[in-house]
Structures are given as C-alpha cells and as structure tokens.
Amino acid sequence: MDPAPEFRLYNTLSNAVEPVVPREAGHLRFYSCGPTVYSYAHIGNFRSFLTADLILRTAEALGWRTTYVTNVTDVGHLTEDDAADASGEDRMAKALRSKEGERFANVWDLARYYTNELLADWNTLNLRDPAVRPRATEHIREQIAAVEQLIEKGHAYETEQGIYFSVASFEGYGRLSGNEAAEQLEQLVRDTVSDPGKRDPRDFALWKKDPKHLMQWYSPWGWGFPGWHIECSVMARAYLGDEIDLHAGGEDLIFPHHECEIAQSESLTGKTFSKHWVHTRFLQVEGEKMAKRTGNFFTVRDLVGTAASGGRGVDPLALRLALISGQYRKPFNFTKETLKASAKHVERFREILSAVDAAAAAGAGGADRVGERLDALYDRALAAMADDLNTPEAIAAVIEGFKLLGGMRAQLNAASAAGARAWIARVNALLGIVEHEKPLAERAADAKDADPDAVRIDALVAERYAARAARDFARADALRAELAELGVEVMDTPDGPKWKRASTL
RNA sequence: GGCGACGUGGCCGAGGGGUUAGGCAAGGGUCUGCAAAACCCUGUACAGCGGUUCGAGUCCGCUCGUCGCCUCCA
C-alpha cells in the first residue's frame with residue numbers, strides 16, 4: 001500500500017484547501033453543527049451531516065483517532081436569528097403551534113420526538129455516531145456561566161431585554177464570512193427590529209429575558225433563554241476543549257452563526273477556537289432550490305419509507321450514495337436519475353458481496369489473484385477522500401473494484417474471495433455504501449424490511465416458480481404480470497426466484 | 001448592493017497546459033423459456049470571444065449564463 005496520503009480540506013477561514021493538522025498528532029477533534037429539532041430533518045440537512053461523517057471515516061481510515069461531537073439544538077434557534085437581537089420567534093414554539101405540532105403536549109415532547117426521529121434517520125443513512133451528542137437544553141448552566149464570564153471580561157452587556165455580545169470588543173469579527181467592514185455588517189442587520197438598548201446594531205443576543213417563553217430557565221438576569229449561537233461555543237468547549245481542530249456545518253451557518261461562535265469563544269478563552277472551518281454547500285433538487293412550496297422537498301423517510309407509508313421505496317444506502325455522489329463543496333444537483341443509478345450500484349455491490357462470500361465458503365484452491373489490484377483501487381479511493389473529500393473520484397475507484405470482481409466472480413478462488421471480502425470491508429468503512437453498520441431496530445423502517453404484502457407476494461412468486469418448473473410459461477407470465485401490478489419485480493436466479501419492490505421514483 | 005461558487009457529451013459528475021475519468025441513459029452483442037441481472041463493444045465534451053504558449057477544456061482578460069449566503073433553511 002501507498003503511504004497514508006495527507007488529509008486536506010478546504011478551509012473557509014483562508015479560502016484555500018489546507019492540510020488538516022490536529023493539535024495532537026493523529027487525533028482529530030471536531031465539532032459539527034447539528035439540526036434544530038423542530039421537524040424531520042431533510043436530505044439537505046443530511047448532506048451536511050454526511051460531510052462530517054466522511055471527515056470522520058476518512059480520518060479513521062488514515063489511522064487517526066477521532067473525537068467527534070455534534071449537537072442537537074432544542075432551544076433558542078429563532079426564526080430571525082441573524083446578527084440581531086433575538087426578536088424573532090423560537091422555532092420550537094412555532095412548530096408546536098403548527099398543524100404537525102398538534103399531536104405534542106408541549107415543546108419538550110416535540111423536541112424529544114424529533115430528536116428520536118433524527119437518530120432513526122441518522123442510522124438509516126448509515127452515519128456513524130458521534131462521541132457525544134449534546135443537547136442545548138442540557139447545557140444551560142454552562143451557557144449562563146459563559147455569558148457571565150463574557151460580561152466580566154467586558155465583551156457583553158445587559159439591557160432591559162437581554163444580554164448582548166459586543167461586536168466592537170472583538171477584533172476578528174467578520175473574518176470568516178468576509179463581512180469585515182462595519183457598514184457591511186450594519187447593512188446585514190438593517191431590517192431587524194432593534195432592542196433600543198443595543199449599543200451597536202451588529203451586537204447579538206447571548207441571553208434573552210422572557211418570562212413568557214415556553215422554554216425558560218432562571219438566570220442571574222431572571223427568567224429567560226439562551227441565544228442560539230452560544231450553545232455551540234459552550235458545548236464544543238465542554239467536550240473538546242478551548243481549541244478544536246475543525247468545525248463543520250452547512251454553508252448558511254458561516255454567517256452569522258459561526259462568526260458569532262468565533263467571537264464568543266475566542267473572547268472567552270483568548271485562544272483560537274477552531275483551526276479549520278468546513279462548510280457544505282446546499283444541494284439543489286432537479287436543478288432548483290429545495291423548498292416545500294415547489295414540491296421538491298424531501299425528508300429521509302419521504303424517499304426511504306414504504307410505498308404504503310407514503311415513501312418511495314428507495315434503498316437507504318442508495319440514498320446515501322446519491323447524496324455523496326457530488327463533492328460537498330461544489331454545487332450539487334440531486335436528481336431522480338442519480339438516485340436510480342445509485343440504487344443500481346448498491347444492488348450490484350450486494351450481489352457481488354454475496355458472490356464473494358459464496359466463493360470464500362466454496363474454498364477453491366489457488367493464490368489470491370485480485371488483492372493487489374484491489375489494494376491499488378482502495379489507495380486511490382482513500383487518496384481521493386483525503387483530497388478534500390473527492391467522493392466522485394473515490395466512488396469511481398470503488399465501482400471499478402466491484403466491476404473487476406463482477407467480471408471474475410465465477411472464477412473466484414477462496415484466497416481471492418477472502419482478499420475481496422477484506423477490500424469490501426475497508427471500502428465500506430470508508431464510504432459506508434455497501435453494508436449497513438447499524439442494526440435494523442435502530443433505523444427508520446424502510447421498504448425492504450417491512451413489506452406488508454410479503455406473504456402474498458411470496459405465495460405468488462412460489463406459484464409462478466411451480467408453473468415455470470412445469471413449463472407452463474403462459475401461466476408463469478400471467479403471474480409475472482400480476483406481480484408487476486403489485487409493483488413487484490421477479491428475477492429468476494440460479495438460487496431460485498427473487499423479488500423486489502420496484503421503487504416508485 | 002456586499003460576499004462567494006460554478007458553467008465538461010442526453011443526464012449526473014471527476015480532472016485541471018501535451019496521453020481514457022467514472023457512472024447513468026442510448027445503441028449493438030453474449031447468456032437465459034419471458035423478464036431481470038451479469039459480462040463485452042460503441043458514440044457524442046469541455047458556455048462564448050480574445051490573449052499567453054510550440055501546444056489550452058486546463059492559465060489570463062472580457063462577455064454571457066446559472067446558483068448560493070446576507071431573509072426562512074444544512
């Protein structure tokens with residue numbers, strides 16, 4: 001094998017691809033901003049979570065240790081959370097009042113429900129678990145303490161309505177987003193209603209006084225709730241320390257969220273908060289921005305669920321593959337065609353995997369004849385991933401490997417099969433697109449696993465198989481047609497008939 | 001208006017001064033009652049206009065176009 005390649009990622013701070021250099025050699029400690037759990041997460045959210053997942057997998061494939069923290073935001077994220085004064089409405093409260101929110105007794109219940117659903121979708125897409133998944137509501141004490149310290153250090157001040165971070169007190173504000181000029185920043189917040197007590201329009205809320213808020217805690221400033229930005233500063237520090245190696249999130253978080261995090265954290269510690277900042281570009285769907293109003297808005301379950309439950313029967317790993325088929329930093333067009341192609345690939349991966357397993361068990365003698373070529377392809381895939389997560393190139397190498405195995409599967413001897421099996425395992429560890437790493441019980445139900453008509457379909461398939469064996473092809477074809485009506489496709493294989501649900505894309 | 005990204009064959013998407021990306025789709029073939037799968041073969045490309053260069057899809061400039069953030073949103 002080649003020596004381990006250098007891990008390079010684009011850094012928003014420097015606008016350049018740079019080597020990832022952990023503070024502690026060989027141990028990457030990073031934080032990725034998680035979602036606000038006021039609804040089901042959609043595929044766009046997951047594209048960003050997948051970036052973090054791929055950073056994790058690539059680092060581990062390079063032999064590094066990792067400490068990966070990603071949060072759940074369950075309070076404080078407002079509908080107008082720009083650099084302003086927390087004058088918007090809390091997303092959680094708004095969701096509770098919506099039609100979907102009627103089923104929940106209170107915001108806490110709603111947060112719990114969507115957090116659980118997030119984890120189910122997370123597992124469905126074969127994302128690895130973080131070392132810690134902190135929640136904002138479980139770190140209120142730390143947030144209050146941080147706000148107190150910021151006041152002590154002269155970086156924050158109190159008004160009648162809340163506590164604000166003083167942007168003027170932090171020199172580096174605007175460096176990440178490039179919004180450096182004060183007038184630019186003032187421009188950005190021009191339309192928001194201001195707390196008249198604010199000293200500078202750029203100042204943002206650390207704590208909002210609000211004894212009527214649905215989620216409130218007692219603080220030195222009375223009842224209220226924390227500002228959105230402070231939670232990530234506090235949780236990253238709690239689990240990763242004052243200085244972290246890398247911080248990731250969606251591109252929309254560059255400003256104001258991450259800009260504010262840097263200001264708070266660095267004002268608090270006097271140290272560099274994160275060396276590397278990685279942002280995932282928004283995906284588009286069929287060439288358009290994903291939006292509920294245009295009908296191209298998809299959650300994981302919209303695509304992966306059974307047809308009976310309103311889903312489209314897409315294989316979960318096919319969805320994963322489709323979502324990583326474009327590089328995280330480039331404009332990415334998520335299309336049905338890509339999803340179909342991904343489904344084909346995942347299906348073929350599985351077929352070849354079982355052929356490999358069969359060959360390994362059959363035990364024909366001889367030397368390993370594919371190992372070297374597969375190793376080279378793995379090295380190519382890993383090098384591509386290390387090069388700013390070039391997933392298209394990595395996937396191309398993997399497909400080439402499966403093609404190689406597919407072409408010679410009839411002649412695979414035991415030694416080659418064992419080598420192939422090891423290769424597949426490594427590829428899967430790197431990209432997670434061949435085999436699921438999570439048990440079924442921890443995933444959201446998908447079409448393959450829970451077909452309500454399975455018994456009936458099995459019966460029809462068996463009947464067709466019998467008709468075929470009796471050479472009654474007219475009857476067999478009639479049954480094929482009947483199954484097709486049910487949306488089922490039958491394949492005759494050397495191991496007997498197999499069937500699958502045609503996806504309803 | 002400020003900041004930024006991108007324009008590659010029917011589609012998705014790598015590459016990035018001289019030698020095939022890859023996939024999907026399409027067409028042809030082998031195989032199998034049918035169908036599917038698998039495997040083999042085939043075609044079409046770098047938005048436009050200038051410039052640098054022995055040579056540009058690849059560098060520079062301009063033009064056109066698309067998109068993102070700054071408002072909800074990863």
Side-chain angles (χ1 to χ4, degrees), chain A residues 12 15 32-36 39 41-52 77-84 88 91 94 174 177-181 183-185 187-192 248-257 259 279-284 287-293 297 321-322 325-345 347-348 351-352 355 380 384 387 390-400 403 406-410 468 471-474 476-477 480-481 483-484 489-494 497-500:
Chain A
T12 307
N15 281 322
S32 169
C33 282
T36 303
S39 182
H42 53 71
I43 57 173
N45 298 111
F46 274 99
R47 182 158 138 93
S48 156
F49 308 154
L50 278 162
T51 300
H77 191 170
L78 306 184
T79 55
E80 288 162 41
D81 58 46
D82 61 3
R91 289 174 198 283
K94 191 179 175 191
S177 58
N179 295 320
E180 301 209 37
E183 67 246 29
Q184 280 174 11
L185 291 161
Q187 190 84 7
L188 292 180
V189 298
R190 67 191 182 281
D191 291 329
T192 55
E251 64 172 332
D252 59 320
L253 298 181
I254 296 170
F255 189 91
H257 188 55
E259 199 76 79
H279 293 99
T280 302
R281 180 108 197 227
F282 275 14
L283 60 72
Q284 289 184 266
E288 289 188 337
K289 178 166 176 152
M290 183 168 78
K292 278 179 181 160
R293 60 196 316 186
F297 181 95
L321 176 57
S325 69
Q327 198 237 15
Y328 75 99
R329 199 158 63 75
K330 288 270 180 79
F332 173 68
N333 190 10
F334 180 85
T335 65
K336 275 188 208 171
E337 289 306 315
T338 301
L339 204 43
K340 283 183 192 165
S342 301
K344 278 196 142 174
H345 285 129
E347 215 171 298
R348 189 162 60 154
E351 273 171 26
I352 291 171
R380 202 178 118 200
D387 180 18
N390 188 344
T391 44
E393 165 66 14
I395 292 166
V398 168
I399 287 174
E400 205 170 299
K403 217 171 168 178
M408 61 183 296
R409 71 171 111 183
R468 208 171 147 260
R471 304 199 66 79
D472 182 356
F473 294 123
D477 288 349
R480 173 182 289 287
L483 284 157
E489 210 175 314
V490 188
M491 287 85 67
D492 296 320
T493 76
K498 288 183 180 164
W499 63 270
K500 66 169 185 187

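Quick note on labels: first sequence line is chain A, next is B, and so on, each numbered from 1. All of these numbers come straight from a predicted model, not from anything done at the bench.
Each of B:C12, B:C34, B:A5 was ranked by its minimum atom distance to the side chain of A:Thr335; first place goes to B:C12. The side chain of A:Lys403 has B:G23 as its nearest neighbour among B:C34, B:G23, B:A5. Nearest to the side chain of A:His345, among B:C34, B:C24, B:G13, sits B:C24. Taking only side-chain atoms of A:Lys289, from C-beta outward, the nucleotide of B:G22, B:C72, B:C12 with the closest atom is B:C72. Of the candidates B:G68, B:C40, B:A37, B:G68 carries the atom nearest the A:Arg281 side chain, counting heavy atoms from C-beta on. Closest contact between the side chain of A:Asn45 and the listed nucleotides B:A74, B:G4, B:G23 involves B:A74.
Between A:Arg47 atom CZ and B:C67 atom C1' the separation is 13 Å, expressed in whole Å. Summarising the geometry, the separation between CZ on A:Phe255 and C1' on B:U71 is reported as 12 Å, rounded to the nearest angstrom. B:C11 atom P lies 16 Å from atom CZ of A:Phe332, rounded to whole Å. The separation between A:Glu351 atom CD and B:A36 atom P is 14 Å, rounded to whole Å. For A:Phe473 and B:U32, the CZ to P distance is 13 Å, given to the nearest whole Å. Look at CD on A:Glu347: it is 8 Å from P on B:A38, rounded to the nearest Å. Between the CD atom of A:Gln327 and the P atom of B:G22 there is a distance of 20 Å, given to the nearest Å. Rounded to whole Å, the distance from CD on A:Glu400 to C1' on B:G22 is 8 Å.
A distance of about 35 Å separates the C1' atoms of B:U52 and B:G10, rounded to the whole Å. Comparing the P positions of B:G50 and B:A14 gives an interatomic distance of 29 Å, to the nearest angstrom. Rounded to whole Å, the separation between the P atoms of B:U19 and B:C24 comes to 26 Å. B:G43 and B:G22: their P atoms are spaced 12 Å apart (whole Å). Taking atom P on both nucleotides, B:C12 is separated from B:G33 by 39 Å, rounded to a whole Å. B:U44 and B:G51 are spaced 29 Å apart, taking the P atom of each and rounding to whole Å. B:G15 and B:G23 are spaced 15 Å apart, taking the C1' atom of each and rounding to whole Å. When the C1' atom is used for both B:A25 and B:G9, the distance is 12 Å, rounded to whole Å.
In terms of position along RNA chain B, the nucleotide closest to A:Ser325 lies nearer the 5' end than the nucleotide closest to the other residue of the pair A:Val490 and A:Ser325. The 5' end of RNA chain B is approached more closely, in terms of each residue's nearest nucleotide, by A:Arg348 than by the other of A:Arg348 and A:Glu251.
Between A:Lys336 and B:C11 there is no side-chain polar atom (N or O) within less than 4.0 angstrom of OP1 or OP2. Between B:G15 and A:Lys330, a contact under 4.0 Å exists linking OP1 or OP2 to a side-chain N or O. Between A:Asn390 and B:A14 there is no side-chain polar atom (N or O) within less than 4.0 angstrom of OP1 or OP2. Applying the 4.0 Å criterion to OP1 and OP2 of B:C34, one finds that A:Arg471 has every side-chain N and O outside that range.
Taking OG from A:Ser177 and NE2 from A:His279, the interatomic distance works out to 10.0 Å, rounded to the nearest 0.5 Å. The structure places NE2 of A:His42 at 4.5 Å from CE of A:Met290, a figure rounded to the nearest 0.5 Å. Taken from CD in A:Glu259 to CD1 in A:Ile254, the straight-line distance is 9.5 Å, to the nearest 0.5 Å.
RNA chain B forms stems at B:1-7 with B:64-70, B:10-12 with B:22-24, B:26-30 with B:38-42, B:47-51 with B:59-63, each a run of 3 or more consecutive Watson-Crick or G-U wobble pairs whose two key distances fall under 3.5 Å.
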Dump the intermediate steps for side chain to side chain donor-acceptor pair (under 3.5 Å) on A:Thr335 and A:Thr338, then the final yes or no.
CA-CA 5 Å; A:Thr335 65; A:Thr338 301; 2.8 Å; yes
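In this structure, A:Ala396 reaches the bases: a heavy-atom distance under 4.0 Å links it to at least one base atom across the strands shown. In this structure, A:Thr280 reaches neither bases nor backbone, as no heavy-atom distance under 4.0 Å exists between it and the strands shown. Heavy atoms of A:His279 sit nowhere under 4.0 angstrom from any nucleic acid atom. Using a 4.0 Å heavy-atom distance criterion, A:Asn333 is classed as a sugar-phosphate-only contact. As judged by a 4.0 angstrom heavy-atom cut-off over every strand, A:Gly249 is placed among residues touching the sugar-phosphate backbone only. Among the atoms of the strands shown, none is found under 4.0 Å from any heavy atom of A:Lys340. Within 4.0 Å (heavy atoms only), A:Glu393 reaches at least one base atom of the nucleic acid. A:Leu283 comes within 4.0 angstrom of a nucleotide base, judged by non-hydrogen atoms across all strands. Among the heavy atoms of the strands, none lies under 4.0 Å from A:Phe334.
One N or O on the side chain of A:Thr391 and one on the backbone of A:Gly326 form a donor-acceptor pair closer than 3.5 Å.
Counting heavy atoms from C-beta on, the side chains of A:Phe49 and A:Pro35 come closer than 4.5 Å. A heavy-atom distance below 4.5 Å is not found between the side chains of A:Gln327 and A:Glu393. A:His345 has its side chain within reach of A:Leu321: a pair of non-hydrogen atoms, C-beta onward, lies under 4.5 Å apart.
Here A:Phe282 packs flat against the base of B:A74; its ring centre is closer than 5.5 angstrom to the base's six-membered ring, tilted by less than 30 degrees.
Between A:Arg329 and A:Glu251, none of the side-chain N atoms (NZ, or NE/NH1/NH2) sits under 4.0 Å from a carboxylate O, so this pair counts as no salt bridge.
A:Ala322 approaches A:Phe334 most closely through the heavy-atom pair CB-CE1, 4.0 Å. In terms of heavy-atom proximity, A:Ser325 sits nearest to A:Pro392 at O-CG, 3.4 Å.
The base of B:G4 lies outside donor-acceptor range of the side chain of A:Asn15, with no N or O pair under 3.5 Å.
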